[in-house]
Amino acid sequence: GENVEQHPSTLSVQEGDSAVIKCTYSDSASNYFPWYKQELGKRPQLIIDIRSNVGEKKDQRIAVTLNKTAKHFSLHITETQPEDSAVYFCAASTYGNNRLAFGKGNQVVVIP
Amino acid sequence: NAGVTQTPKFQVLKTGQSMTLQCAQDMNHNSMYWYRQDPGMGLRLIYYSASEGTTDKGEVPNGYNVSRLNKREFSLRLESAAPSQTSVYFCASREGAGGGSGNTIYFGEGSWLTVV
């Protein structure tokens, strides 16, 4: 089955700087890649996703890039703010497979 | 529109006791899921139901059973709780049945379960 790995496990950034989290996946047939944000004590919520037919997608301060050849995708957060502090999960899915494979999560800490 | 609702939010069980976690969604979604979340382990799939009347094992199904009661409800049962089942449990739902459809997974608020 699909195996998704995230790096680094913890990332600390100064407020205002950019943060980048990278995920790798194993199944070249995967074609849907969402990112979820989980604040402490709360549920994971989708923040952005990308399909394999595009290489980049942006939504205000966040963006996701996909490199299908290398089988990795990354979350980019610009102008980080304290409210960006959370655990971020990436996931991958293959068409026809009803299951999302999640990575183990990245703890992002934004230092004021 | 409440989304995904799960109960109870908190529960303490003694080893060997049984309990059922209830989950309901009001978004008319076809697929429903149960995950457990442990520190450093991410979200691990216990069981899922692609559509009403079907259930399948995920990564960590041992010690659990599920019932897709109808399209709205998907319950998770611990028949004989063990300390290793201490975790946060999330129910989730998704509109589509195909992984590549791009449909968002919506999570419930979580159930904190402690087995002593």
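Within every chain, numbering begins at 1; the chains are lettered A, B, ... in the order of the sequence lines, protein sequences first and strands thereafter.
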More than 12 heavy atoms of other residues, nucleotides or ligands under 6.0 Å from [atom1] of [X]: yes or no?
{"X": "A:E15", "atom1": "CD", "value": "yes"}
{"X": "A:Q60", "atom1": "CD", "value": "no"}
{"X": "B:K9", "atom1": "NZ", "value": "yes"}
{"X": "A:K22", "atom1": "NZ", "value": "no"}

**Report entry** Close side-chain approach of A:P34 to B:T104, heavy-atom, < 4.5 Å
**Finding:** no
Query raised in the report: Going from CZ on A:R43 to CD on B:Q37, what distance comes out if it is rounded to the nearest 0.5 angstrom?
Result: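 Rounded to the nearest 0.5 Å, the CZ-CD separation comes out at 13.5 Å.
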Query raised in the report: How many angstroms lie between CZ in A:R99 and OH in B:Y48, if you round to the nearest 0.5 Å?
Result: 5.0 Å
In terms of heavy-atom proximity below 4.5 Å to chain A, should [X] be classed as side chain, backbone, both, or neither?
{"X": "B:F90", "result": "side chain"}
{"X": "B:L45", "result": "side chain"}
{"X": "B:V4", "result": "backbone"}

Report task. Could you look at A:Q38 and say if it's the side chain, the backbone, both or neither that has a heavy atom under 4.5 Å from chain B? Result -> side chain
**Report entry** Closest non-hydrogen atom pair, A:K104 against B:G40
**Finding:** CD-O, 3.6 Å
Are [X] and [Y] connected, step by step, through hydrophobic side chains (Ile, Leu, Val, Met, Phe, Trp, Tyr) whose heavy atoms are closer than 4.5 Å?
{"X": "B:W34", "Y": "B:V88", "result": "no"}
{"X": "A:L66", "Y": "A:W35", "result": "yes"}
{"X": "A:F73", "Y": "A:I62", "result": "yes"}

Report task. Spell out, as yes or no, whether a donor-acceptor pair under 3.5 Å connects the side chain of A:Y36 to the backbone of B:I105. Result ->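 Yes, the answer is positive, given that a donor and an acceptor are paired below the 3.5 Å cut-off.
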